[in-house]
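Each chain gets a letter, A, B and so on, in the order the sequences are listed, and its residues count up from 1. Quick note: numbers below take in every heavy atom, side chains included, and nothing from hydrogens, waters or symmetry partners.
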Amino acid sequence: MNELSIENLARIIEQHMPHTMDVGMKVDLDSPPGKIRMRIAAQPMLAADPDERFFFPGILFSLADTACGLAAGRQLERPEPMSTLDLRIDYLAPALLKHDLLAEAECYRMTRSVVFVRCELHSGQRKRPVATATGAFMRTYYSLKRNANEPSI
Amino acid sequence: MSRRSEGVPASANTQTIVERAALLLSRMPYAQQMGVCLDEHADDRGIVLRLPFQQRLVGNTHLSSIHGGVIGSFMQITALVAAFAQLGEQRPPRFINFSIDYLSHAGPKDLHARCSFQRVGRRVAAVSVSCWQADESAPVTVARAHLFVGETTRT
């Protein structure tokens, strides 16, 4: 496998990225191939409300942003700068601060110039997601691992 | 009930828009954690929030750029505070969705954001948020969102 190792990605997030370290994001080293699983522990400072009942919605957004970025990065043969074009999140249910927040992101389409990603967020082990996100990243170099013959968009 | 016209001050009590904005900011633990504050440039187009740059908000240490998730959170705080303060909400609004376009790199400088209301209905408001660093006419990100508004109880 040529893809960036999950250990490398986890090291970036947990040791070299100030914001993700600040809020305590972790990368699951057992993430299935092509996917990224992440987690953020419930902490009072991440609350939306003074009663500390709910995660602030931006924390879900930030976790989705980071997981989508890693899922896109995991598709690349070698590290390559990418810029986020957009990210959209739909809030499906309240994310209680009782449970840790889990995210699973995947790249569902990659062209020579754009990586399309999506992410599902769960509250603890509950089956139904609390949020879904989709986004696109612009690639700066062409280092595509597969589908090299496809036309760029 | 005429509370839905934009720019009408909160009628629920005698607090000013700026006071209501400061009140909600102080009640959001994560806004406090990030260090979000009211900007001195609030005017008749509404309040402006400011996120002072700090190293712990960085996403890419090579470029010292602010993490995209931090910018998103800051813009969300701006939408919530503006809607609560300017629409005279009784409770903080809730997000239905939020969509951001990243237009340019956000360097190691303060961020500013302003929310405008595209449509305010009885239950839902469609808003857009603009976020900039040096120049308001050159935003680093823009976002649109739908918020539940007009709630008196939370279910």
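- Applying the 6.0 Å contact sphere to CZ of B/F148 captures no more than 12 heavy atoms from other residues, nucleotides or ligands.
- In this structure a side-chain-to-backbone donor-acceptor pair under 3.5 Å is missing from B/Q33 to A/M45.
- Looking at A/D65 and B/Y102, their side chains come closer than 4.5 Å, going by heavy atoms from C-beta outward.
- Contacts between A/I13 and chain B at a heavy-atom distance below 4.5 Å are absent for every atom of the residue.
- In plain terms, the two heavy atoms of A/P50 and B/P29 that are nearest each other are N-CD, 4.2 Å.
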Item to complete: Output, in order, the C-alpha distance, side-chain angles, deciding distance and verdict of side chain to side chain contact (heavy atoms under 4.5 Å, CB included) for A/T66 and B/H67.
Response: CA-CA 9 Å; A/T66 308; B/H67 193 284; 3.2 Å; yes
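- Residues B/L57 and A/P18 fail the side-chain proximity criterion, which asks for heavy atoms closer than 4.5 Å.
- For A/A47, the parts lying near chain B are the backbone and the side chain together; criterion is any non-hydrogen pair under 4.5 Å.
- For B/S99 (side chain) and A/R88 (main-chain N/O), no donor-acceptor pair under 3.5 Å exists by modelled atom type.
- Using a 3.5 Å distance cut-off with no hydrogens or angles, the side chains of A/S83 and B/H105 do not pair a donor with an acceptor.
- Residue contact with chain A, scored on non-hydrogen atoms closer than 4.5 Å, involves the backbone and the side chain of B/I100 alike.
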Worksheet item: Taking it one step at a time, do B/Y30 and A/D49 satisfy side chain to side chain donor-acceptor pair (under 3.5 Å)?
Response: CA-CA 9 Å; B/Y30 188 61; A/D49 54 313; over 6 Å; no
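- The contact between A/L85 and chain B is made entirely by backbone atoms, counting heavy-atom distances below 4.5 Å.
- Residues A/D90 and B/F98 are not in side-chain contact: their nearest non-hydrogen atoms beyond the backbone lie 4.5 Å or more apart.
- The minimum heavy-atom distance between A/F56 and B/L80, with the atom names listed, is CE1-CD1, 3.8 Å.
- A/D86 touches chain B through backbone and side chain together, each having a heavy atom under 4.5 Å away.
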